[in-house]
Amino acid sequence: MKRAILAVAASFALAGCSTTDAATTHRVTDATASTPAPEEAATVDVYAAASLTDVFTQIADEYMAEHPSIEIRLTFAGSADLAAQINEGAPADVFASANEKQMTVAGDHIDGESELFASNTLTIAVPAGNPGGVTDFASLANPNLAVVVCAPEVPCGAAAVKVEKALGVTLSPASELTNVTDVLGSVASGEADAGLVYVTDLARAKGVEGISFTGSEVANTSYPIAVMTTGDAADASRGFVDYVLGAHGQAALAAAGFARPGSVATDASAGK
Amino acid sequence: MARLPRWLILLAVIAAAFAVLPLAGLASRANWAELPDQLASPASRTALELSLRTAAAATGLCVVFGVPLGFALAALRGVTRAVLRAVLLAPLVLPPVVSGLGLLYAFGRKGLLGETLDAAGLPVAFTTAAVVLAQAFVAMPFMVVSVEASLAARDGRLEAIAATLGAGRSRILAAVTLPGIGVAVGMGAVLAFARSLGEFGATLTFAGSLEGVTRTAPLQIYLARESDPQAAVALGLVLVALAILIVAAAARPGRRVVQ
């Protein structure tokens, strides 16, 4: 249950792969034009939000196929866990957070600037067949329904509160969990009649249906990515970040249900 | 005591440091000046109170049902006893999340007994009762094994004498056997209470997490570590203190555990 433990496995960073002067860092703006010049072998430790698990695994595989000398090692956990691990000295080369707040938490270790690469929006998840007869957000206020959400203290819960306020609907949740995975678990098992999750989470859930609702856009979150000074492969890391921001990465993200960062109003306050 | 080889002492010191360092780590992150305020926060207090209440209820279940189960197990012999004991003590070593899934599929809305419980007006989904069930499930083996071991160490002579004096089965149990194993029952209860206080995985999986209803202290710590790590550490230190006190109470040196 503790994906964070993977971070331990990821901590065997290769020593002295590359030494880089930040001034010489070459920015590739279009990933499709990635350089054919021979690259120095490097291992890039990418710390990414749990919601990116499937799509980043795919993007990393594609990137490694194009760049045989580069190895991408992925560590997935909640963004807050990852930010805390980076602040505690985890050797992250790249950090991809599910919200801007946690990127700020790890802000001391950003090499250059972070850039937004995707955004996500809330949706209603119901068990297959929708036994509770959920139709829209307002129907979740039905006291006979067991509705589960993320706790207001964590980003997905803060987003739910924002939607409640915007739509003037007050929910009485049966459970306020710490992450979307636990919300999906409650819905998939049929224990809950409905849950609030991100659109992209539905793709990796079996036995769960999605019901989109108007007003979800008030709680859209943006995903920032940055090269981190805690790593030891700045050039290769920059290459991977550019690939995520480039055409290939963006296509994979769109296929996984993510929206482009500029296409929605971003959650600038990023607070709870 | 005989003198120990140096290498053994060295390994023992490493093991002791391994046990103590995480506690020191917790203590090093505590903001001692603000500790009382953090513990007085409504979220922390509610969670701690819920933990104490549910752990007490779960311990009660362990006494009422676990002691008879210990007796029944002790009365069996041979392979039956060995197999049954292995099955009944499994929750001790099961991953808590597996225990939680099992409880969900037994008592949850879609579980084996779910509809029966719903029809009886006793739905457990997302209720405090679910927390107590989860805690009792993982804590029961402590009581069973404690009672069974204590009974196995008795030779039955006192019970036989009581029988010759005309005492019935229940009278012998109440007047002779139970007082004889009182210490073991007490220890089983203390350990069951401690295990209930620390229950996390099965509770989260089976009962959910809602302030004042199902969010016990460990679940509050799990949540607070994202939003307020200092408060998580403060509450964690309370559980550490409770755990040390409980273990000390259960294992006072010189105490006779088995007759």
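Residue numbering restarts at 1 for every chain, and letters A, B, ... go by the order of the sequence lines.
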Hey, does A:T178 have a side-chain heavy atom less than 4.5 Å from the side chain of B:R225? yes
Would you indicate whether the side-chain heavy atoms of B:Y222 and A:N179 approach each other to under 4.5 Å? yes
Looking only at B:L223, B:L219, B:T214, the option with the highest number of non-hydrogen pairs under 4.5 Å against chain A is B:L223
Taking every heavy atom of B:K110 against every heavy atom of A:G190, the minimum-distance pair comes out as NZ-CA, 3.8 Å
Between A:A146 and B:R109 the two heavy atoms that sit nearest each other are CB-NH1, 3.7 Å
Looking at OG of A:S186 and CZ of B:F126, how far apart are the two atoms once the value is rounded to the nearest 0.5 Å? 4.5 Å
Could you measure the distance from the CD atom of A:E191 to the CZ atom of B:F107? Nearest 0.5 Å is fine. 12.0 Å
Relative to chain B, which segment of A:A83 carries a heavy atom at a distance below 4.5 Å: side chain, backbone, both, or neither? neither
Pick one of side chain, backbone, both or neither for A:V105, based on which atoms fall under 4.5 Å of a heavy atom in chain B. neither
Contact leader toward chain B among A:S189, A:A192, A:A84, A:A174, where contacts are heavy-atom pairs under 4.5 Å: A:A174
Looking at A:E176, is its backbone amide N or carbonyl O close enough to the side chain of B:R215 to form a donor-acceptor pair, meaning the two atoms are under 3.5 Å apart? yes
Hey, does the side chain of A:S175 reach the backbone of B:S209 with a donor-acceptor pair shorter than 3.5 angstrom? yes
